[in-house]
Amino acid sequence: MIALRQIRAIVAVCEEGSFTRAAERENATQSGISQHVAAVERALGVKLFERRSTGVVPTPAGLRYYRRCVEAVGMLDTAGEEAHALADIVTGDLRIGLMPTFTRAVLAPTLDHFIARHPDVRLHIVEGYSALLTEMVLADELDFAVVPAFEGRIGLKSRLFVRDREVLLSGPRRGLRSLAPVRLKDCRPFKVIVPGPHNVRRRNLETYFQTHGVEIAAMLEMDAMIGTLEFVARSDWVTVLPSLISVNDLATGDIVVNPLADPPMHAEFVLIQPARRTLTAQARLFLERFEAEVAHIHAVWDAATARGRGAKPSARRRGARRAAATAAD
């Protein structure tokens, strides 16, 4: 019989790539973790890890066993959550990591709804960019985070959260008509603010620029969303951001928003969480409301861009707005 503590040791070593770090994570000794791993290897009759100069890596058998262990631990956590839910009590901590894309327009209405209905949940929300949030999820410092889509890592499980259109943001000095579709290669001089090189979106933007003949007159790196938006509003510089962050700018006039055309550009965001954990009841309830707000914003965008083109919204868009309005009630 393989004990739960031994299974957790396997999971920790695989995710940490080190017996030392696995021991720290599990509040155990390094020799204790090694003994747990050795006991499992003896019981299974197969080698699960290889020791290399760069650390500990799972064998093919070890990686497959790790995945099954994660499923088993997740099922135990789910059983506990379901038992707790039967008591109709939603309490405890909820630690969330979000990019500025989601904190500027989606977060506030979600909190307004969620806190009123679940006052006993203790919320901890961190705003950051993808690299920081991913490391925090891996370190089990966050229950989940929403980040740009990437190739994935051991220790994380993910699912597609939303696919969003990219839009051009500029100040009144550029003279663009709000909501009129634009081709970036026609926006000259193209003085653009982009995120730093370690940001996943930077690579996607540069690929789009190069592929579609966008001539860059000047480029400014800035990993500061408020600073980016304020500088765009008062200058002739522009930036490209997901539509979710800019929906409130449609009504102010301080920043002009234009959908990208010929071709459009989209960004995909994924929900990531520790592979060894299941989402708590409070996390699921928060995400349910959060996704409803995203749907509502997309419906607002559909209606706005239809007006910008001088066309009536399609039946699909009218249906999406009705669904979002229902969810918002």
Side-chain angles (χ1 to χ4, degrees), residues 94-115 123-137 141-150 158 160-171 192-206 208 219-235 237-252 254-260 265-273 283 286-287 289-298 300-301:
L94 178 55
R95 306 163 302 166
I96 303 167
L98 298 172
M99 300 176 62
T101 297
F102 297 95
T103 57
R104 188 168 184 241
V106 186
L107 179 59
T110 300
L111 291 175
D112 192 34
H113 181 278
F114 183 85
I115 291 174
L123 283 162
H124 311 267
I125 299 172
V126 176
E127 181 184 75
Y129 289 98
S130 55
L132 170 65
L133 298 181
T134 300
E135 291 303 321
M136 291 185 72
V137 172
E141 296 172 4
L142 296 173
D143 296 306
F144 68 83
V146 181
V147 299
F150 65 108
S158 65
L160 180 65
F161 182 74
V162 66
R163 188 171 188 259
D164 194 26
R165 75 195 88 190
E166 299 273 10
V167 296
L168 180 72
L169 275 64
S170 63
V192 63
I193 303 172
V194 297
H198 299 296
N199 190 300
V200 174
R201 296 192 68 254
R202 170 67 173 273
R203 181 170 62 249
N204 297 337
L205 289 170
E206 289 185 337
Y208 183 93
M219 180 182 287
L220 173 63
E221 290 183 1
M222 193 181 302
D223 282 319
M225 190 56 67
I226 293 176
T228 295
L229 294 172
E230 291 188 351
F231 186 52
V232 163
R234 64 183 300 159
S235 72
W237 286 72
V238 302
T239 193
V240 177
L241 292 171
S243 69
L244 286 169
I245 198 173
S246 57
V247 66
N248 292 334
D249 297 306
L250 298 177
T252 67
D254 296 331
I255 292 179
V256 180
V257 185
N258 298 93
L260 300 187
M265 181 181 179
H266 292 86
E268 291 187 342
F269 296 91
V270 295
L271 178 81
I272 60 173
Q273 64 185 93
F286 185 93
L287 282 169
R289 186 62 200 176
F290 200 67
E291 290 181 277
E293 289 298 336
V294 169
H296 173 69
I297 290 174
H298 279 173
V300 170
W301 257 104

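Quick note: residue numbers are just sequence positions, from 1. Note: hydrogens, waters and symmetry copies are ignored here, and every other heavy atom, side chains too, is used.
- Annotation: the span from Met222 atom CE to Leu220 atom CG amounts to 4.5 Å, rounded to 0.5 Å.
- For the atom pair Thr101 OG1 and Arg201 CZ, the distance stands at 6.0 Å (nearest 0.5 Å).
- When atom types are taken as modelled, the side chain of Asp164 and the backbone of Ser243 share a donor-acceptor pair closer than 3.5 angstrom.
- Between atom CG of residue Leu142 and atom CE of residue Met136 there is a gap of 4.0 Å, rounded to the nearest 0.5 Å.
- The distance from the CG atom of Leu94 to the CG atom of Leu123 is 5.5 Å, given to the nearest 0.5 Å.
- Of the possible donor and acceptor atoms, none in the side chain of Asp254 sits under 3.5 Å from a partner among the backbone N and O of Ala233.
- Looking only at atom types and distance, the side chain of Glu293 has no donor-acceptor partner in the side chain of Thr110 under 3.5 Å away.
- Atom CD1 of Ile226 sits in a sparse spot, with 12 or fewer heavy atoms from other residues, nucleotides or ligands closer than 6.0 Å.
- Annotation: side chain of Thr228 is not in contact with side chain of Leu169 (no heavy-atom distance under 4.5 Å).
- Closest approach of Leu244 and Ala105 over heavy atoms only: O-CB, 3.4 Å.
- Between Phe231 and Trp237, the angle of the ring planes lies from 30° to 60°, which puts this pair in the tilted group.
- The side-chain heavy atoms of Leu111 and Ile125, taken from C-beta on, include a pair separated by under 4.5 Å.
- Put simply, the side chain of Asn204 reaches to within 4.5 Å of the side chain of Met265, judged on heavy atoms.
- In this structure, Leu133 and Val126 approach most closely via the heavy-atom pair CD2-O, 4.1 Å.
- Going from atom CG of Leu229 over to atom CD1 of Ile255 covers 4.5 Å, rounded to the nearest 0.5 Å.
- Summarising the geometry of Met99 relative to Glu127, their closest heavy-atom pair is C-CG, 4.5 Å, with the distance given to 0.1 Å.
- Enclosure of atom NE2 in His124 by more than 12 non-hydrogen atoms of other residues, nucleotides or ligands within 6.0 angstrom is indicated.
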Test Phe150 against Ile272 for side-chain contact (heavy atoms from CB on, under 4.5 Å), laying out the working first. CA-CA 10 Å; Phe150 65 108; Ile272 60 173; 3.9 Å; yes
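- A donor-acceptor contact shorter than 3.5 Å links the side chain of Thr239 to the backbone of Ile193.
- When each of Pro195, Pro148, Pro100 is paired with Tyr129, the side-chain contact (heavy atoms from CB on, under 4.5 Å) condition holds for Pro100 and for no other.
- Looking at heavy atoms from C-beta onward, Tyr208 lies out of side-chain contact with Glu166 at the 4.5 angstrom threshold.
- Using cut-offs of 30° and 60° on the angle between ring planes, the pair Phe290 and Phe102 is tilted.
- At a threshold of 4.5 Å between non-hydrogen side-chain atoms, the residues Met225 and Leu241 count as touching.
- Note that CG of Leu107 and CZ of Phe286 are 5.5 Å apart. Values are rounded to the nearest 0.5 Å.
- The two residues Leu271 and Phe161 make their nearest non-hydrogen contact at N-CB, 3.9 Å.
- A heavy-atom distance below 4.5 Å is found between the side chains of Ser246 and Trp301.
- Listed here is the closest heavy atom pair of Gly196 and Glu221: CA-OE1, 4.3 Å.
- The two residues Val162 and His298 have their closest heavy-atom pair at CG2-CE1, 3.5 Å.
- Side-chain contact between Val200 and Val147 is absent, with no heavy atoms from C-beta onward closer than 4.5 Å.
- Contact annotation: the side chain of Phe144 approaches that of Ile96 to within less than 4.5 Å [non-hydrogen atoms, C-beta and beyond].
- Between Arg202 and Asp223 there is no salt bridge, since none of the side-chain N atoms of the basic residue sits less than 4.0 Å from a carboxylate O of the acidic one.
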